[in-house]
**Q** 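One structure, pasted below without further comment.
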Amino acid sequence: MSRTGTRRLTACAGAALSVTLVLSACGGDIEESSAGSGDAADCEDLNLAVNPWVGMEASSYVVGQVAETQLGCTVNYRETKEELSWAGFGTGEVDVIIEDWGHPDLEKQYFAESGDSSAEDFGPNGNDGIIGWYVPPWLAEEYPDITNWENLNDYADEFATSESGGQGQFLGADPSYVQFDEAIVDNLNLDFKVVFSGSEAASIAAFQKAEENKEFLIGYFYEPQWLFAQVPLARVELPEYEEGCQEPASATDCDYPVTTLKKIVGTEWADSGDASVALVENFEWTNADQNAVGAMIAEEGMSPEDAADAWIEENQDMVDSWLAS
Amino acid sequence: MSATATGDGVRTAGFSAMFRRAPTWLQVAVILGVWLAVWAVLKGTDTLFLSGQSKNDLHDSLGDWKDGLIAGRDSNIWMQATAWIGDQITTVGTWLQELVSQPAFPRPVPQIGWLGVVAIAGWIGFALAGWRIALLVIASFLSFGVLGYWEDSLDTLLVTLLAVAIALAIGLPLAVLMAKSKRFTATLRPMLDTLQTMPSFNYLLPIFLFFGLGFPGVVVATVIYATPPVIRIAAHGLTSVSATTLEATDSLGQSRWQRLRRVELPMAKSTIIVGVNQTTMAALSMVVIGGFIDSPGLGQPVLAALTAQQTGDGFVAGVCIVILAIMLDRTTTAASEHGERVARAGGRNRTRHRLVVAGTGVAALVCVYFSRLYSGLAEFPNITWGDSLSNAVQSFADSFTSTFDTALTAVNEGVTEGVLNPLQDLLADSPWYVTGTAIVALVWVLSGVWPTVVTAACLGGMLAVGLWYDSMLTLAMTLVGTLIVMALALVLGVWMARRPRVDLVLRPILDAAQVMPPFVYLIPALLLFGFGRFTAILAGVVYAAPIAIKLVADGIQRVSATTVEAAEASGSTPWQVITKVQLPMARGNLLLAANQGLLYVLSMVVIGGLIGAQALGYASVLGFSQSEFFGKGLAAAICIVLMGIMLDRVARGAAARQTERAAATDRMLVKTPIPAAPTG
């Protein structure tokens with residue numbers, strides 16, 4: 001086909017296509033929604049961040065499904081790492097981070113006090129975040145003294161793997177989680193090397209396998225997490241957390257503090273008066289609630305939407321309390 | 001005193017003269033021997049180890065630079081310009097999505113329903129490349145729906161085509177300039193070289209900073225990544241138009257513009273389309289990796305499957321990517337052949353062809369019309385074949401891994417303990433100055449002066465950004481991966497070259513494997529071996545093997561039949577023919593295969609940071625993940641670029657040197673093909 005032929009053809013095809021699009025604007029069984037999308041008070045788009053751990057997925061989808069089915073919002077899930085989610089407030093790509101584990105550096109950058117005020121704190125979401133060092137239950141049973149950090153060096157050889165270069169292996173987590181384990185290992189003179197698993201699922205798989213095959217494994221883990229229902233990991237005692245023992249990060253020689261998990265939202269969205277704002281503001285549930293939804297997603301293989309719907313059906317009272325303004 | 005000094009001097013001079021005269025393998029052995037001896041004494045000192053979640057001042061200041069940029073989002077002219085560009089891209093992207101894949105408010109469905117989309121796509125396939133391709137396109141689109149990834153597949157296609165359109169708009173004029181101006185070529189070529197040695201993953205971090213999440217980030221990254229192939233190949237096509245033709249048409253008195261439009265572009269058309277094909281495939285692989293920065297499309301389900309270890313889901317999404325890749329590859333390739341066939345056909349056939357195109361076009365529009373009216377034709381029916389496939393794969397995978405767990409672990413630990421760890425100890429646990437000197441010396445011996453200079457500069461760069469230790473870990477993984485690739489390539493390449501029937505079977509498989517985006521390979525590797533360095537290496541091996549095998553096979557096939565016959569007539573066994581005649585004569589190609597192997601494995605080892613590959617890959621992922629570590633991620637990106645350039649120059653230098661020697665000794669010039677950059 002010659003060049004002019006191609007061009008003419010493209011032009012004709014384009015014109016014909018647009019005529020067809022206009023012609024078929026009405027009729028058929030597709031109903032256009034009227035402006036304002038339904039009866040619920042003006043709810044438009046709600047952009048929920050989903051960071052890479054199942055617990056957060058559970059919280060986000062429960063809020064999202066309530067917003068979609070009971071408020072009539074259009075919900076978008078933004079699957080990114082934490083840092084990218086925070087950056088998304090300023091551009092309107094993200095409205096809500098439903099579970100934040102504490103990011104002083106990001107708060108400095110995006111909160112009103114010292115940053116560009118694109119984000120603000122919307123209060124606790126009811127979950128308590130516990131981060132720490134864990135071993136599989138069989139290990140704690142067989143060697144009770146292993147749950148104290150002071151005895152870890154006695155077992156370092158047992159923990160060694162082909163990845164840890166002669167030292168004991170400490171399984172670090174997803175790179176996007178804030179972790180002080182390398183510093184702790186260093187400062188407590190432990191003969192261990194931190195090896196990063198890369199993702200939550202990889203860590204879970206490792207702990208499951210270690211319990212099943214009675215292997216030595218120690219690593220970073222956290223609650224709320226559905227795995228505890230299946231494999232009740234035992235916590236290893238570290239020197240107790242005290243104010244300032246993580247300052248600077250490289251001098252950390254203590255356990256992780258308990259974190260009150262909170263909701264972080266985009267300022268612009270919070271000021272929009274959207275119906276979903278009240279929902280997110282009122283949202284609060286327990287670790288057990290989150291673990292129930294998380295287990296449905298990760299263990300039973302349900303889609304997050306279905307898992308959220310199943311929980312919502314059982315717990316409409318709590319949902320109603322979030323919806324009451 | 002002076003006597004002794006002179007004596008030493010003489011002895012040193014004698015040694016260095018001997019060293020210079022020694023064969024290459026002996027020189028290498030001497031360097032390695034000295035290195036090992038020094039390592040035994042000094043190991044563990046001055047390794048410049050920097051633990052995973054710590055950083056240095058340079059990383060901090062790079063991070064501050066980023067914070068400054070973000071804080072100045074509303075005042076910085078650059079940030080405003082990029083935000084404006086980003087807005088335009090988002091507008092076009094969203095418009096395209098509402099046309100075919102996302103609900104177009106106030107409609108609950110897209111403007112064109114699935115039936116209309118399939119019809120239009122099939123029609124485009126028909127008009128561009130004939131009915132076979134039309135069938136392929138229709139079958140591909142239907143399979144996206146049947147597998148349950150209709151929207152994601154269309155989104156991937158949209159972003160890819162949008163990026164390709166921009167890439168061609170930028171790339172073709174640059175190609176013309178390159179073909180016309182030597183000086184322009186001289187400035188552009190080093191830039192293209194650098195861009196083409198850079199793993200795709202590396203583009204994301206800096207581009208995310210300026211263009212943000214979603215459409216803008218991924219489109220810009222894809223354009224930058226996918227434009228170089230078309231510039232290169234189209235420029236090559238334009239410069240190869242025969243001088244006689246140009247003279248003949250010039251004598252008719254045409255302007256330069258006429259000459260370009262009427263003669264050069266049409267004559268270079270088929271080469272240019274090869275470039276378009278390469279650009280399209282590169283774009284697809286980038287769009288998939290773009291899932292990291294929230295690109296719409298199939299990258300996200302793959303990424304989600306990787307982090308959740310839902311191998312079944314990842315597999316199904318991967319199948320859609322593969323179908324998409326084959327469809328795009330076949331369509332672009334067939335379009336050039338088809339165009340020529342139609343153009344060559346006589347006047348009446350042409351008219352008939354136009355009538356058929358117009359007729360099918362009307363039929364496609366009728367489909368569009370109905371797909372706008374009925375929701376059953378608008379929303380793809382909910383077919384759960386994808387779920388069944390996912391479950392089947394998942395349960396197969398689970399039973400496979402639990403049955404062979406011991407064997408798989410043994411393989412993993414065998415390679416890790418037997419090869420990877422020792423090499424890593426030598427590279428990373430020697431003091432940095434020892435490793436550095438040894439590498440520079442090896443390159444000097446193997447590749448000559450210019451690569452040595454480049455190597456020294458690149459190593460200096462890694463040192464300067466403070467990631468020496470991690471760089472050495474990544475280098476060790478890349479080298480081990482490349483060794484495995486070369487072993488595979490030698491065995492299979494020789495087999496293919498000597499048995500035409502094997503070639504007939506293997507080649508199409510290798511061709512198909514080559515169009516696959518690298519991301520896809522992580523899924524089966526992770527499935528079999530769990531997280532760790534070996535898994536990333538294995539994925540890299542699978543990714544790099546096809547091109548390396550083909551290069552080796554081609555090199556051996558090019559050895560003249562007469563030479564082989566002569567060797568056989570003089571009583572050589574097949575083993576002797578292979579080792580004494582065919583492999584030595586194909587060594588130029590072997591080294592090119594090693595070059596490609598290095599670059600491909602490197603790009604995969606970096607993506608492998610996601611599945612526990614540690615080192616530079618981990619630092620890159622960390623850079624995306626935590627704002628505090630952005631600077632470290634950027635430094636890792638710099639190291640990866642430097643490593644790519646270094647490995648590329650070293651292998652090319654060695655190839656050039658071997659080819660020279662081969663030419664001198666064998667009096668037979670092995671023609672070296674232009675090395676292609678990895679598409680990953």
Side-chain angles (χ1 to χ4, degrees), chain A residues 1-2 5 9 12-13 16-17 20-21 23-25 27-35 52 54 78-84 86-88 90-91 93 105-106 109 115-116 162-163 165 172 174-176 178-180 182-183 186 194-202 205-206 249-250 298 301, chain B residues 51-54 67 70-71 73 105-109 111-112 120 127 208 212-214 293-294 300 303-304 306-310 339 342-343 354 357 361-362 365 368-369 372-375 378 412-413 416-417 421 530-533 609-614 618 621-622 624-628 630:
Chain A
M1 206 174 301
S2 69
L9 184 72
C12 285
L17 182 62
T20 316
L21 291 185
L23 268 184
S24 54
D29 67 349
I30 295 177
E31 283 182 24
E32 299 191 349
S33 52
S34 52
V54 174
R78 301 289 187 187
E79 292 193 18
T80 58
K81 307 248 174 183
E82 292 161 271
E83 152 69 4
L84 303 196
W86 282 75
T91 55
E93 285 158 299
D105 55 317
L106 291 171
Q109 202 174 332
D116 65 3
S162 61
E163 297 291 311
D174 185 302
S176 63
V178 177
Q179 298 161 67
F180 299 105
E182 286 168 323
D186 244 20
V194 178
V195 173
F196 296 94
S197 74
S199 69
E200 178 184 56
S250 62
Chain B
S51 67
Q53 295 216 345
S54 48
D67 291 345
I70 290 186
R73 202 159 27 199
F105 188 80
R107 291 167 59 84
V109 289
Q111 294 289 0
I112 305 180
I120 294 271
F208 150 71
L213 298 176
I293 51 170
D294 204 26
Q300 300 215 28
L303 196 60
L306 282 176
T307 43
Q309 301 209 322
Q310 303 286 352
V342 173
R354 280 200 194 142
V357 169
V362 171
L365 286 179
V368 171
Y369 182 80
R372 281 178 57 78
L373 292 188
Y374 299 103
S375 50
N412 182 346
E413 292 197 343
T416 307
E417 303 271 13
N421 282 350
F531 78 95
R533 291 168 296 162
L610 188 68
I611 53 168
Q614 323 291 333
Y618 174 82
V621 177
L622 190 64
F624 280 114
S625 312
Q626 292 188 33
S627 72
E628 274 185 79
F630 177 89

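The model shown is predicted, which means the values in this text are computed figures rather than measured ones. Here is how names work: the chains are called A, B, and so on, in the same order as the sequence lines, proteins then strands, and each is numbered from 1.
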**Q** Which atoms of A:Gln109 come close to chain B, meaning under 4.5 Å heavy atom to heavy atom: side chain ones, backbone ones, both, or neither?
**A** side chain
**Q** Looking at CG of A:Leu106 and CH2 of A:Trp86, how far apart are the two atoms once the value is rounded to the nearest 0.5 Å?
**A** 5.5 Å
**Q** Pick one of side chain, backbone, both or neither for B:Phe630, based on which atoms fall under 4.5 Å of a heavy atom in chain A.
**A**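 Neither part.
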**Q** Kindly give the heavy-atom pair with the smallest separation between A:Ala202 and A:Ser197, and that separation in Å.
**A**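 For A:Ala202 and A:Ser197, the tightest heavy-atom pair comes out as CB-O, 3.7 Å.
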**Q** Quick one: what part of A:Glu182 sits under 4.5 Å from any heavy atom of chain B, side chain, backbone, both or neither?
**A**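 For A:Glu182, the contact with chain B is made by the side chain alone.
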**Q** Side chain from CB out, backbone as N, CA, C, O: work out which of these in B:Leu303 comes under 4.5 Å of a heavy atom of chain A, or both, or neither.
**A** neither
**Q** With rounding to the nearest 0.5 Å, note down the distance linking OG in A:Ser162 to CD in B:Glu413.
**A** 4.5 Å
**Q** Is there a side-chain contact between B:Asn421 and B:Arg533, using heavy atoms and a 4.5 Å cut-off?
**A**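 Yes; the side chains approach each other to less than 4.5 Å.
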**Q** Please state whether the side chain, the backbone, both or neither of B:Ser375 comes within less than 4.5 Å of a heavy atom of chain A.
**A** both
**Q** Taking A:Phe196's backbone N and O only, do any of them form a donor-acceptor pair with A:Glu163's side chain (distance below 3.5 Å, no angle check)?
**A**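 Side chain of A:Glu163 to backbone of A:Phe196, a donor-acceptor pair under 3.5 Å: no, none is there.
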**Q** Under 4.5 Å heavy-atom distance to chain B, tell me which part of A:Val54 shows up: side chain, backbone, both or neither.
**A**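 Answer is neither: A:Val54 stays 4.5 Å or more from chain B.
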